[in-house]
Amino acid sequence: LFGGTLCGPNSTLTISTAANFLSYSWTRNGYPQNSGTNELQIDGEGTYKVAVMDEIGCRNTPPALVIKRMGPFESTSGLSNTICSNDSIVIGNLSAAVYNVSWKRNGIDIPVSASIFYAKDAGVYTYSVSNGAQCALNYSTQVNHKAAPQGILNTVKDTSFCEDDFYLLSVTTATTGINWYNNNTQVAFNVDKINPYSSGNYYAVLTANGCSFTTPKVKVNVVPVPSTPIFTVRFDSLISFFPSGNQWLLNGEPIPGATSRVYHILENGDYSLINLGEAGCQSDTSVVLAFRTSGIYRREQATFNVFPNP
């Protein structure tokens, strides 16, 4: 038997056998077919057989012929698609993977031989599917663009800062559809700037025309501020309850080198204490101790004279 492949959804095919027989009886999947010649026109897949008889009455049945249909392979995404300008869409058909596939965009060859293609650029995409010389099917898909929002995430200083500090994140964009996230949890919306109050990975999602754009993430480290220190007084010494991070103040100004837990008072004034933590974060100022003295009486050494007593 001689045959081939059905090309596409509505194609027909003529199969045949040798023409030097007296009679022909065709079947498809075991059912008789309406042909008494050496040729049979078919339009469906199946297993075809023919029984032939020669002039002397000898009968013969050649090996069966299995006919398959190639296609159709319309795009899995449809014939016309509109996508966001920063997006892509899958076109093509996975079932065409067993055949030869070639691609073009606006008539220009694309160096891709896969049966599906991730289209990003607008244009007319065509792909051809063939199984060699027998079948060649061509399909076309239009991809259109709609504008996606764009934006730039701005920072105003180092991304590690104290929790009582002011740190601004802002986004430069033409759209008003702005949603802010920290570690994938929404923290603000419809504002172009925020002040982070907790550590995490911050980013903005911009929306317009049914499209979205996600800015790069910014890692923010919010450093806790130390608690307000307390201290006690013992004679002429000030003693902090904090083992480290101390900075003693005199009249509101840091005393150079006075960073120990204990400070010995050297002069009158208003004494207080702050604590310095990670990244230089500073606590609130402690209570103020007003230290005053009126002076210390210094007694001169006494002199004695001894005389005899007659």
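Residue numbers count from 1 along this sequence.
For Thr215 (side chain) and Ala204 (main-chain N/O), a donor-acceptor pair under 3.5 Å exists by modelled atom type. With hydrogens and angles disregarded, no donor-acceptor distance shorter than 3.5 Å links the side chain of Asp43 to the backbone of Thr12. Looking at Ser199, its side chain does come within 3.5 Å of a backbone N or O of Val222 through a donor-acceptor pair. Looking only at distances, no side-chain donor or acceptor of Asn81 sits under 3.5 Å from a matching main-chain atom of Val143. Although no hydrogens or angles enter the test, the distance criterion places a donor-acceptor pair under 3.5 Å between the side chain of Trp26 and the main chain of Thr37. Between the side chain of Asn221 and the main chain of Thr159, no donor-acceptor pair closer than 3.5 Å is present. Between the side chain of Asn29 and the backbone N or O of Thr47, at least one donor-acceptor pair lies under 3.5 Å. Remark: side-chain polar atoms of Gln33 are paired, donor with acceptor, to backbone N or O of Tyr31 under 3.5 angstrom. A donor-acceptor distance shorter than 3.5 angstrom exists from the side chain of Asn251 to the backbone of Asp270, with no hydrogens or angles considered. Of the possible donor and acceptor atoms, one in the side chain of Asn93 sits under 3.5 Å from a partner among the backbone N and O of Glu74.
Within the 4.5 Å cutoff, the side chain of Cys281 has no heavy atoms near those of the Pro224 side chain. Looking at heavy atoms from C-beta onward, Leu137 lies out of side-chain contact with Pro72 at the 4.5 angstrom threshold. Between Leu22 and Asp54 the shortest side-chain heavy-atom distance does not fall below 4.5 Å. In this structure, Phe231 and Asn246 have side chains that are not in contact, with every pair of non-hydrogen atoms separated by 4.5 Å or more. With contacts defined as side-chain heavy-atom distances shorter than 4.5 Å, the pair Trp180/Asn182 does not qualify. Residues Cys211 and Ser85 have side chains not in contact (no heavy-atom distance under 4.5 Å, counting atoms from C-beta outward). Side-chain contact between Thr228 and Thr285 is absent, with no heavy-atom pair separated by less than 4.5 Å. With a 4.5 Å cut-off on side-chain heavy atoms, Leu13 and Thr5 do not count as touching.
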With a 3.5 Å cut-off and sequence neighbours excluded, list the donor-acceptor pairs that the side chains of residues 253-260 form with protein atoms.
none

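Between Glu39 atom CD and Thr14 atom OG1 the span is 6.0 Å, to the nearest 0.5 Å. In this structure, the separation between CZ on Phe189 and OG1 on Thr176 is 12.5 Å, given to the nearest 0.5 Å. Here the straight-line distance linking atom CG of Leu169 with atom CG of Asp192 works out to 11.5 Å at 0.5 Å rounding. Note that CD1 of Ile15 is 10.5 Å distant from CG of Asn38, once rounded to the nearest 0.5 Å. Separation of atoms CG (Leu153) and OG1 (Thr173) is listed at 11.5 Å; rounding is to 0.5 Å. The OG atom of Ser23 lies 6.0 Å from the CZ atom of Arg59; values are rounded to the nearest 0.5 Å.
The side chain to side chain donor-acceptor pair (under 3.5 Å) test applied to Thr172 returns Asn154, not counting sequence neighbours.
Note: Tyr181 and Tyr203 have parallel aromatic rings, judged against thresholds of 30 and 60 degrees for the angle between ring planes. Using a 30° and 60° split on the angle between ring planes, Phe291 and Tyr271 fall in the perpendicular class, above 60°.
Side-chain contact check for Asn138 and Ser128: at least one donor-acceptor pair (N or O, by modelled atom type) lies under 3.5 Å. Residues Asn275 and Ser227 bring no donor and acceptor atom of their side chains to less than 3.5 Å of each other.
If you chain together hydrophobic residues whose side chains sit under 4.5 Å apart, Trp103 and Val98 fall into the same group. Follow the hydrophobic side-chain contacts under 4.5 Å out from Phe161 and you never reach Tyr197; the two are in separate clusters. Linking Ile, Leu, Val, Met, Phe, Trp and Tyr whenever their side-chain heavy atoms come within less than 4.5 Å leaves Phe242 and Val233 in two separate clusters. In the hydrophobic clustering of this structure, Val223 does not group with Val220; members are Ile, Leu, Val, Met, Phe, Trp, Tyr whose side-chain heavy atoms approach within less than 4.5 Å, directly or through other members. Put simply, Val191 and Leu206 are part of the same group of oily side chains (I, L, V, M, F, W, Y) that touch within less than 4.5 Å, one to the next.
Atom CD of Gln186 has more than 12 neighbouring heavy atoms from other residues, nucleotides or ligands inside a 6.0 Å radius. Atom CG of Asn34 is surrounded by 12 or fewer heavy atoms from other residues, nucleotides or ligands within 6.0 Å. By the neighbour-count criterion of 12 heavy atoms within 6.0 Å, atom CG of Asn190 is densely surrounded, having more than that number from other residues, nucleotides or ligands. Heavy-atom neighbours of Lys120 NZ from other residues, nucleotides or ligands within 6.0 Å: at or below the threshold of 12.
Closest heavy-atom contact between Pro226 and Leu276: CG-C, 4.2 Å. Considering all non-hydrogen atoms of both residues, Ile83 and Ser88 come closest at CD1-CA, 4.0 Å. For the residue pair Thr175 and Pro149, the shortest heavy atom distance occurs at CG2-CB, 4.1 Å. Nearest approach of Arg69 to Pro9, heavy atoms of both residues: NH1-O, 3.4 Å. Ser212 approaches Thr207 most closely through the heavy-atom pair CB-CG2, 4.0 Å. Scanning both residues, Ile67 and Tyr48, for their nearest heavy atoms gives CG1-CD1, 3.7 Å.
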Asp121/Arg105 under side-chain contact (heavy atoms from CB on, under 4.5 Å): CA gap, chis, key distance, verdict: CA-CA 9 Å; Asp121 300 317; Arg105 173 178 169 267; 3.6 Å; yes
side-chain contact (heavy atoms from CB on, under 4.5 Å) evaluation trace for Leu238 with Leu273: CA-CA 10 Å; Leu238 307 177; Leu273 177 65; over 6 Å; no
Pair Leu40-Val50, side-chain contact (heavy atoms from CB on, under 4.5 Å): steps then yes or no: CA-CA 10 Å; Leu40 175 66; Val50 61; over 6 Å; no
Residues Met53, Cys58; criterion side-chain contact (heavy atoms from CB on, under 4.5 Å); working and verdict: CA-CA 5 Å; Met53 185 176 63; Cys58 294; 6.0 Å; no
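Ring-centre distance between Phe73 and Tyr99: below the 6.0 Å cut-off.
No option in Tyr127, Tyr125, Phe117 other than Tyr127 meets the ring pair (Phe, Tyr, Trp, His ring centres under 6.0 Å) test with Tyr139.
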